[in-house]
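Reminder, nothing fancy here: chain letters follow the sequence lines and each chain counts from 1. Please read these numbers as outputs of a predicted model, since none were measured by experiment.
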Protein chains: 2
Amino acid sequence: MPIDMTQRSAAGTGSPTSADVARRAGVSRATVSYVLNDTAGGRVSEQTRQRVRAAADELGYIPHAAARALRAGHSGIVLLTAADIPFGPLFNKFYAELRAGLHAHGYTVVLYGDAGDGNDQGESAARAWAELRPTAVLAGPGGSLTPRSAELLKRSGTRAVITLGGPPVPGAHALLMDQREVGVVAAEHLLGRGHRSIGVIVPTDHALDLFSLPRLAGVRAAADSAGGGVTVARLDLDYTEAAAAELAARWPGLGLTALFSYNDEFAMLMMSAFQDAGLRVPADVAVVGADDVMLSRLLRPRLTTVRQTPPGGGNLADLIERLIQHPDAPLEVHDLATSRIVVRDSG
Amino acid sequence: MPIDMTQRSAAGTGSPTSADVARRAGVSRATVSYVLNDTAGGRVSEQTRQRVRAAADELGYIPHAAARALRAGHSGIVLLTAADIPFGPLFNKFYAELRAGLHAHGYTVVLYGDAGDGNDQGESAARAWAELRPTAVLAGPGGSLTPRSAELLKRSGTRAVITLGGPPVPGAHALLMDQREVGVVAAEHLLGRGHRSIGVIVPTDHALDLFSLPRLAGVRAAADSAGGGVTVARLDLDYTEAAAAELAARWPGLGLTALFSYNDEFAMLMMSAFQDAGLRVPADVAVVGADDVMLSRLLRPRLTTVRQTPPGGGNLADLIERLIQHPDAPLEVHDLATSRIVVRDSG
DNA sequence: GAGTCATCATGACACGTGTAACCAAACCGA
DNA sequence: TCGGTTTGGTTACACGTGTCATGATGACTC
């Protein structure tokens with residue numbers, strides 16, 4: 001039996017390929033593929049199955065994702081893009097669940113940066129994403145997904161383009177964490193306690209606009225539907241002690257009795273400033289935060305806040321799978337989170 | 001001129017390929033490749049260059065990353081893996097800079113989950129990573145990188161395997177954010193103020209062991225090198241108000257004068273508990289935190305803390321590029337961060 | 001004993017790209 | 001005129017995989 005010198009030995013430079021496995025098991029490469037993928041079409045005897053599996057194990061065979069993707073036409077990758085990644089314990093959990101859920105469907109979740117190279121209508125970012133030929137793209141908030149880039153992705157074979165938490169984009173499905181609802185819930189609580197003039201903190205950091213503006217709008221909407229005589233004041237604020245102290249100093253002149261302060265961190269900042277300025281919470285000013293972070297429980301008085309419960313990433317995975325399977329279905333908007341008030345002492 | 005029916009038209013189902021571009025520009029596919037990659041080897045006239053570029057533009061040609069990777073043997077991907085993402089805004093910045101830096105070298109940074117499927121010596125996770133044939137793997141702390149998986153990655157063609165912030169792993173380079181140094185800096189500060197008996201908070205959450213234990217060890221080391229008569233007490237603590245209150249209640253019996261409390265969040269928790277228990281900070285107990293988060297500045301007294309300055313992601317990118325270029329260089333350990341004390345009022 | 005059928009395995013092609021080797025023509029110096 | 005060099009481009013192969021169409025070998029039926 002002559003040795004075929006045209007074939008590289010398994011001791012060569014790179015990883016073993018399916019051809020190496022085939023040689024070792026004494027079968028054809030096709031058979032290896034059928035066995036390792038449990039393909040229904042190819043009928044292979046149990047005996048050779050075992051031979052193939054053994055050979056693959058001994059060689060430490062690892063399939064080449066790129067070759068697979070090339071052949072299959074798509075990569076099985078679900079791209080999660082984000083400009084500013086809102087890393088927190090919340091996102092962390094969400095990501096882990098999403099990954100597990102999609103893994104069960106055979107997809108691979110990959111978090112990929114959003115270059116956002118200036119004002120080219122998101123084209124450069126979309127091109128970078130499209131090079132990977134992802135099966136689906138989940139575009140995080142604040143990224144460079146535009147109608148143009150959504151179109152580009154679809155033309156390159158992406159089956160589902162989905163925005164995650166940001167504003168809806170024409171041409172893409174939308175998954176929302178309805179920030180407006182957060183404002184509604186906060187406002188309804190304060191209105192129920194008899195407050196008729198409410199201040200709303202809006203961070204000056206525009207990176208947060210996607211969250212802050214809908215929350216403000218939610219407060220306004222709740223105030224409107226509560227009938228006349230309710231005033232809502234927008235208060236722009238830097239996240240600094242100096243700005244907070246300044247706002248606290250002019251608070252008495254504003255004629256407001258309650259504050260919805262965007263989130264718990266701003267709430268803590270303002271409560272501290274109010275106390276330094278001699279104002280009592282909640283007697284002089286009721287304060288409501290959002291997000292229910294652990295630290296806010298340390299404050300005295302304890303902070304009333306709005307908690308948003310994100311979806312199980314598993315359910316989300318099923319939803320995404322459905323969108324992938326029906327790429328031509330009409331675009332949908334799904335609301336992911338539910339908001340509810342957690343009443344403590346501050347308002 | 002007969003139409004070649006064997007060739008798919010550009011109006012076909014998928015993205016245009018380089019063959020489509022070639023046909024449109026009236027040149028061969030090789031020429032297209034030479035032009036679009038600015039390859040030195042192929043000599044192409046300026047005139048045809050422009051024709052090719054125009055054709056590529058008009059067709060919206062996007063190269064197929066998988067095909068490229070297959071041909072090149074590696075994907076140009078730098079895999080950043082993480083099990084529990086313990087990161088905050090700090091990591092955010094780090095990630096953005098790293099991505100930009102490596103992008104300039106032609107690499108693509110991708111954050112990839114760490115499945116960590118139980119006790120298989122990290123093999124399943126490593127196999128999943130290896131399928132992508134990444135050029136380098138940056139393994140986050142708490143992940144499933146083991147000597148075995150490092151070996152597996154290298155055999156599959158990964159040029160550099162690097163741990164990021166976790167404990168060093170045989171077979172991999174190590175990039176540290178030296179947590180031990182944090183403890184040293186905190187302890188030296190307290191020793192300099194005359195404290196001779198120091199408590200050290202260690203969170204009971206073992207996910208944080210990678211940070212907390214080295215910090216504790218740093219305190220011990222500093223105490224040892226300060227000469228005799230210094231005691232260091234390890235204090236395990238849940239991150240709950242109840243546990244903090246309990247510790248504050250038995251504090252007077254411990255005979256300690258200072259507390260290094262792992263990080264700012266635990267410091268805030270304990271300061272709150274101390275005050276509820278009637279202990280004065282820093283008169284009765286000096287408190288030092290770590291990480292210098294914004295919220296800790298709101299506390300009264302203001303919190304003394306250890307700030308860790310991470311490296312510029314750009315420098316890090318250069319370092320990684322070097323490791324990739326010299327895959328057989330001896331393993332190195334690099335310290336990334338520098339720690340220094342930020343003295344405020346609490347200790 | 002020839003046809004039919006089920007079982008098991010294989011040969012060959014396609015996916016899209018990069019690049020080494022080759023080739024035609026034009027130019028150049030002697 | 002002719003060998004040599006430069007210019008501008010093409011042909012052909014390899015990368016590793018999945019799968020269709022095809023074969024080979026017996027077993028079973030009429």
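- Arg53(B) is linked by a salt bridge (charged side-chain N to carboxylate O under 4.0 Å, His left out) to Asp38(B), counting only residues two or more places apart in sequence or in another chain.
- At distances below 3.5 Å, at least one donor-acceptor pair connects side-chain atoms of His64(B) with backbone N or O atoms of Ala66(B).
- Taken over five-pair windows at either terminus, the axes of the helix from dG1(C)-dC30(D) to dA30(C)-dT1(D) are inclined to one another by 60° (rounded to 10 degrees).
- Here Thr17(A) does not reach the OP1 or OP2 of dG16(D): none of its side-chain N or O atoms lies under 4.0 Å away.
- Under 4.0 angstrom from either OP1 or OP2 of dA9(C) there lies no side-chain N or O belonging to Ser28(A).
- Ser33(B) pairs by the side chain to side chain contact (heavy atoms under 4.5 Å, CB included) definition with Asn37(B), not counting sequence neighbours.
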Contacts table for residues 322-331 of chain B: side-chain donor-acceptor under 3.5 angstrom, sequence neighbours left out:
residue: Arg322(B); atom: NH2; partner: Glu332(B); partner atom: OE1; Å: 3.2
residue: Arg322(B); atom: NH2; partner: Glu332(B); partner atom: OE2; Å: 3.1
residue: Gln325(B); atom: NE2; partner: Glu321(B); partner atom: OE2; Å: 3.0

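- Residues satisfying the side chain to side chain contact (heavy atoms under 4.5 Å, CB included) test with Pro147(A), not counting sequence neighbours, are Val169(A), Pro170(A).
- The residue among Pro63(A) and Gly26(B) whose nearest nucleotide of DNA chain D is located toward the 5' end is Gly26(B).
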With the criterion being N/O to N/O and under 3.5 Å, what pairs connect the protein with nucleotides 19-27 of chain C, and how long is each?
residue: dT19(C); atom: O4'; partner: Arg71(B); partner atom: NH2; Å: 3.4
residue: dA20(C); atom: N7; partner: Tyr34(B); partner atom: OH; Å: 3.3
residue: dA20(C); atom: N6; partner: Tyr34(B); partner atom: OH; Å: 3.3

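- Sorted by first then second residue, the side chain to side chain donor-acceptor pair (under 3.5 Å) pairs that include residues 158-170 of chain B, not counting sequence neighbours, number zero.
- Remark: Arg24(A) engages Glu58(A) in a salt bridge (charged side-chain N to carboxylate O under 4.0 Å, His left out) (not counting sequence neighbours).
- The side chain of Ser45(B) places an N or O atom within less than 4.0 Å of a non-bridging phosphate oxygen (OP1 or OP2) of dG9(D).
- The side chain to side chain contact (heavy atoms under 4.5 Å, CB included) check on Ala130(B) picks up Ile62(A), Leu152(B), Leu153(B), Ser156(B), with sequence neighbours excluded.
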